[in-house]
Asker: 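This is the structure I have questions about; it appears just below.
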Amino acid sequence: MSSARNVRITREIKNFEKKSPWGITCIPQKEDVYDVLVVNMLGPKGSPYEKGSFELTVTIPKRYPFEPPFVQFVTPVYHPNIDKEGRICMDMLKMPPKGTWLPTITLETLLVSVQSFLSNPNPDDPLMMDAAIEYKFYKEKFKENARWFTEKYATGMQPKKT
Amino acid sequence: MDRILGLQKIFSKEYQDSSLTDLLLSLKNLFSDKNCMNNSSKESFDLDIINRNYFEEVKQVESLPNVTVYFGKTLTELKFVIIDDDGVREHEINLKYKGVQKYVITSVNLPHSPYQDKVFNSINEILHIFRDHVNSLSNYFRELERIDQFCSVVEPLNPTFKDDYRKIFLDNRTWLHVTVTPDGTATNIHLIGQSEFWHDKLQSGLLSWDHDKDIVDNIMIIFDLPNVLSAVHEGNPSKYVSSEEDKQMCGICLCNELPDNPGVPQPLCQNTACGVFFHRSCLYEWLVACTGGRPPTFGVATGSCPTCFHPIACSEKED
């Protein structure tokens with residue numbers, strides 16, 4: 001059922017261009033080929049990631065939307081649930097029954113959730129133990145590290161996409 | 001030893017005169033005897049392992065009011081279902097018999113269980129502690145029940161008392177996360193989604209949080225939406241479907257017509273209040289994908305509706 005995939009993703013990208021959520025842009029890596037999308041995301045306000053602009057890639061699988069997209073950070077992020085390769089451990093990005101992916105979740109909902117996930121980690125299911133322990137027990141230290149990481153990697157280094 | 005002697009007898013005899021069939025027959029007799037003996041010895045073995053006192057204790061518990069006893073895969077696994085003091089909720093506790101006067105709690109259908117994996121002397125002791133614990137959580141149960149009843153909970157999929165958090169639907173882009181503590185207060189309240197509108201409401205609302213009211217009432221007041229937040233199960237189609245035009249759209253592929261599919265989206269969810277349309281092929285494919293991609297028997301896939309989580313069945317082709 002590749003037709004459902006193509007029709008849907010085309011429509012989603014168009015919707016995204018028309019009315020994009022706060023601080024998120026999403027464009028295909030190659031024009032009109034919707035297999036890999038490049039996303040630029042501003043850190044949520046009031047979080048240590050506030051001043052950063054993060055680049056991500058979203059890979060749309062063949063069986064989308066019956067399988068979740070693969071979302072990965074390109075910009076290094078200091079976060080309990082994001083590893084050094086930028087992989088994200090998040091329920092919404094996994095198939096049920098383990099995860100909570102649903103075909104009714106749109107790209108927009110997904111990216112907005114990833115953005116919110118930055119400021120609301122899940123330290124009980126961590127990928128990065130150190131960051132998770134810091135987040136749980138030494139919050140100030142964690143914030144400082146996350147802010148430092150954001151300043152080092154996510155400000156000015158990324159060309160701003162429109 | 002008897003059997004070895006028997007074997008020797010058969011072979012010494014057969015070598016002299018008998019045919020092969022006779023040999024096989026006598027061997028068969030010998031070993032069928034052996035099987036019988038093994039079975040009987042196994043039974044007595046099992047009864048020895050499980051102490052008689054254990055059964056006495058189980059019997060005693062069974063006679064208590066508000067407790068139901070179930071056995072698991074083996075006789076050493078037990079499940080109790082008790083009804084709490086409010087008289088309506090059922091709570092499960094699983095335990096395992098580890099030896100004389102040794103019981104271990106293997107799982108409890110509650111999020112906070114400090115006594116897990118400790119060893120206890122008697123079933124009664126466990127039930128006593130469990131009952132106290134359940135009763136101490138009554139505020140927690142009440143708050144979660146009210147949230148499940150009055151709010152559209154999007155996560156967990158099938159909320160139970162084991163999950164101490166709820167994600168509540170605010171609008172298509174925004175959800176509210178709430179964690180409930182054992183004593184029934186809300187913590188870790190935050191928004192999923194960057195919405196200034198909801199964010200401002202939450203910030204000012206948290207300052208004026210009324211601790212005498214329950215969580216649902218507070219949420220209602222903060223976000224000022226007694227009407228928008230109605231249970232998913234009772235359904236309020238307007239919150240999923242934003243415009244008339246969208247109504248005919250398939251909730252999965254987000255379009256009306258598929259190039260290689262003759263069907264049009266239909267309201268396929270058995271929950272009449274759900275009102276979201278799906279292509280039969282899209283819904284079927286999703287339900288199959290959920291079960292690991294194996295095509296279902298009789299061509300009917302089952303699962304839950306991807307919008308309202310109502311149990312749902314969908315056949316591959318039109319009936």
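The basis for the numbers below is simple: all heavy atoms, side chains too, and nothing from hydrogens, waters or symmetry mates. Every chain is numbered from 1 and lettered A, B, ... according to where its sequence line falls, protein lines coming before strand lines.
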Asker: Between B:N94 and B:S107, is there a side-chain donor-acceptor contact under 3.5 Å, judged purely by atom types and distance?
Answerer: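 On atom types as modelled, these side chains qualify, holding a pair under 3.5 Å.
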Asker: Does any heavy atom of chain B fall under 4.5 Å from the side chain of A:T100, the backbone, both, or neither of them?
Answerer: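 For A:T100, the side chain is the part near chain B, not the backbone.
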Asker: If we define contacts as heavy-atom pairs under 4.5 Å, which of B:G251, B:G292, B:G303 has the most with chain A?
Answerer: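 When all of B:G251, B:G292, B:G303 are compared, B:G251 has the most.
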Asker: Would you please test A:E55 and A:Y153 for side chain to side chain donor-acceptor pair (under 3.5 Å) and show each step?
Answerer: CA-CA 10 Å; A:E55 192 185 315; A:Y153 295 106; over 6 Å; no
Asker: So which part of A:E108 gets closer than 4.5 Å to some heavy atom of chain B, the side chain, the backbone, both or neither?
Answerer: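 Side chain only.
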Asker: With side chains defined as the heavy atoms from C-beta onward, is the minimum distance between B:L110 and B:F141 less than 4.5 Å?
Answerer: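 A side-chain contact under 4.5 Å exists here.
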Asker: Aromatic ring centroids of A:F117 and A:H79 under 6.0 Å?
Answerer: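 Between A:F117 and A:H79, the centre distance is under 6.0 Å.
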Asker: For chain B, find its close neighbours in residues 120-133 of chain A: heavy-atom separation under 4.5 Å, sorted by number, or none.
Answerer: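 Result: A:N120.
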Asker: Under 4.0 Å between a side-chain nitrogen and a carboxylate oxygen: does that hold for A:R147 and A:E151?
Answerer: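 Between A:E151 and A:R147 there is no salt bridge, as every charged N stays at least 4.0 Å from the carboxylate O atoms.
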Asker: Can you confirm whether or not the ring centre of A:F142 sits under 6.0 Å from the ring centre of A:Y78?
Answerer: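 Aromatic pair counts; centres sit under 6.0 Å.
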Asker: Do B:K167 and B:F169 meet the cation-pi criteria used here (NZ or CZ under 6.0 Å from the six-membered ring centre, within 45° of the axis)?
Answerer: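 No cation-pi geometry.
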Asker: Strictly below 4.0 Å, N to O, side chains only: are B:R280 and B:E316 in salt-bridge contact?
Answerer: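 So B:R280 does not pair with B:E316 through a salt bridge.
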Asker: Looking at chain B, which one of A:T106, A:T104, A:N15 has the largest number of heavy-atom pairs inside 4.5 Å, strictly under?
Answerer: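 Greatest number of close heavy-atom pairs with chain B: A:T104.
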